[in-house]
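Residue numbers begin at 1 in each chain, while the letters A, B, ... track the order of the sequences.
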2 protein chains.
Amino acid sequence: MSPIIPYFQSIYPLSAASQEALAGICREIRIAKNQDLQSIGQTCKTLYFLKKGMARIYYIKDGTDVTEGFYGEFNLIARAESLFAGKPSQKGIQVLEDSELWSIDTSALTSLYEEHRDIERLFSKLFEKAYVETIQRIENLQFHAAEERYHLLEKEQPEVLKRAPLKFIASYLGITQVSLSRIRAKKS
Amino acid sequence: MSPIIPYFQSIYPLSAASQEALAGICREIRIAKNQDLQSIGQTCKTLYFLKKGMARIYYIKDGTDVTEGFYGEFNLIARAESLFAGKPSQKGIQVLEDSELWSIDTSALTSLYEEHRDIERLFSKLFEKAYVETIQRIENLQFHAAEERYHLLEKEQPEVLKRAPLKFIASYLGITQVSLSRIRAKKS
DNA sequence: ATCCTAATTTAACATTTGTTAAGTGCTTTT
DNA sequence: AAAAGCACTTAACAAATGTTAAATTAGGAT
C-alpha cells in the first residue's frame, strides 16, 4: 500500500475499510520541474501531498510574483481559500523540482465522508494543522524584522534555502531580492 | 431563542434537535472593559462569540504586548493553536469594552459531535472561515507596506480604529506607535 | 569549450520605519 | 482646581529596507 496511508494513520486512525476507500482515490502523479500543478484562476478541486520534491503556492500582485508558502514531503498542499469558498483561486501551485505527488479529488473525498466519518475527521485534522501553521506564520511576519524572518526560515525549513531560487524566498519573506542578498552577506 | 442560533444556521443548516442541543451549551456571559476573558497560559477550552463589544487576542513577545487580532460581533474567538494541540496558549483574550458574549465549552461541544454530525460540520465550517481570514491576513502582512496595511484595516475593520487604542493597532499592524501616528498624520 | 541567459551580488542613493525623547492634551484622582 | 498618569503626537536622528543599475557568477544550450 502506498506510504501515504501510514502518514494519514499517524494523523488520525482509520478503519481498514476507510484505509482502503481512501487509498482508492489517491492517484500518484509526476510533474516536471517548474511546471504548474494548478494554475491561477482554477478552482481548487484537488488536494496534493508531496511524495518527493518541493512545491510552492504563489500569486501575482501588482504584476509581481509572490510566494505564499513552500511545501515539502508529505505536506498537504491546497488552496484552502478557494476550496472552502468554491471560488476560483488567485493562486497557483508550482513545483520547484521534478516531483512525485499523491493527488486526491475533493469531490471523491467528500463523497467518502458520509460513510467514513474517520476520513472526514482526518481531513479536518489536516486542515487544522495547516491552520495552526498559518497562525504561526502571522506571528512571524507581524513581529520579526526581515533578518529574523530569514533566520527563522533557515531554522524551520532549511531545505528551502537550498532548493528554492532567491526571488521566491525573498517574496516569501516579504522583502526584495536585494535586501535578502544583503542579509545573506552579513552571515560571513 | 438566542440570536446566536440563527447565525449558526446561516453558516451551516442544523436540525431542530441539533439547534436545541447546541443552544443548551451556549452560555451568555458579560465582562467588563479591559478584563481578560482568557489569560495567557490557560489551555483553550472555551469558544466565544461576541454578542456586543469588541475583543482582541494578544501575546507578549520579548516583553512587548502584541495584538494578534481584533474581533467584533458574531466573530468566533478561539486560540486555535492551543485548542487543536490541547496545549497551554501563549495568548490571551481581552475585551476592549464592556462586552456580552456567548461561551461554549469545547468538551461539551465535542460530545455533541457523535450524535449531531451537523454540529460537527458547522464548527468545521467556522474554523474554515477563520482559517481563510488568517490566510488573507498573511497576504496583507507579506505584501503590503505599513501604510497600506493601515488603510486596509481602515477599510475592512473601520470600527477597530475608533474603538481600539493606538498601541494595540500599531502592534497589530506590525509597526510602532510612532510610525502609526506618522501614517495617520499624512492623511490630512 | 564557448556563448548565452538567468541568478545573484554589490554599490549608491532614496525612502521608510525604528528609537529616543520631549511636548501636548485628556482623564482620573485627590 | 491641582496633580498625576495615560494616550497620542511631533521632532531629530539612526537603522533598515527599497530602488535602480551595474558587475559578477552560475548554469544551460549549442
Peer 1: What is the distance, to the nearest angstrom, from the CG atom on B:L96 to the C1' atom on D:dA7?
Peer 2: 15 Å
Peer 1: Should B:T176 be listed as having a side-chain N or O under 4.0 Å from OP1 or OP2 of C:dT17?
Peer 2: no
Peer 1: Both A:A145 and B:V178 contact DNA chain D. Which one's nearest nucleotide lies toward the 5' end?
Peer 2: B:V178
Peer 1: Rounding to an integer number of Å, can you tell me how far B:R182 CZ sits from C:dT15 C1'?
Peer 2: 11 Å
Peer 1: Would you kindly give the CG-to-C1' distance between A:L141 and C:dT17, to the nearest whole Å?
Peer 2: 17 Å
Peer 1: Which heavy atom of B:D98 sits nearest a heavy atom of B:K33, and at what distance?
Peer 2: OD1-N, 2.7 Å
Peer 1: Within this structure, what is the CZ-to-P distance between A:R184 and D:dT25, rounded to whole angstrom?
Peer 2: 16 Å
Peer 1: Is the centre of the A:Y71 ring less than 6.0 Å from the centre of the A:Y48 ring?
Peer 2: no
Peer 1: Can you tell me the distance, in whole Å, between the CD atom of B:E148 and the P atom of D:dG18?
Peer 2: 12 Å
Peer 1: Please give, in whole Å, the distance from D:dT9 P to B:L166 CG?
Peer 2: 6 Å
Peer 1: Could you check how far CD1 of A:I183 sits from P of C:dT10, rounded to whole Å?
Peer 2: 13 Å
Peer 1: Give, for atom CG of A:L112 and atom CG of A:L122, the distance between the pair rounded to the nearest 0.5 Å.
Peer 2: 11.0 Å
Peer 1: Closer than 4.0 Å, any side-chain N/O of B:K167 to the OP1 or OP2 of D:dA7?
Peer 2: yes
Peer 1: Send over the distance from B:L173 CG to C:dT17 P, rounded to a whole Å.
Peer 2: 11 Å
Peer 1: From C-beta outward on A:S181, which listed nucleotide comes closest to its side chain: D:dG18, D:dT10, C:dT10?
Peer 2: C:dT10
Peer 1: Kindly point out which of C:dT10, D:dT17, C:dT17 is positioned nearest to the side chain of A:A185?
Peer 2: C:dT10
Peer 1: Given the side-chain rings of A:Y150 and A:Y172, with only the six-membered ring counted for Trp, is the space between their centroids under 6.0 Å?
Peer 2: no
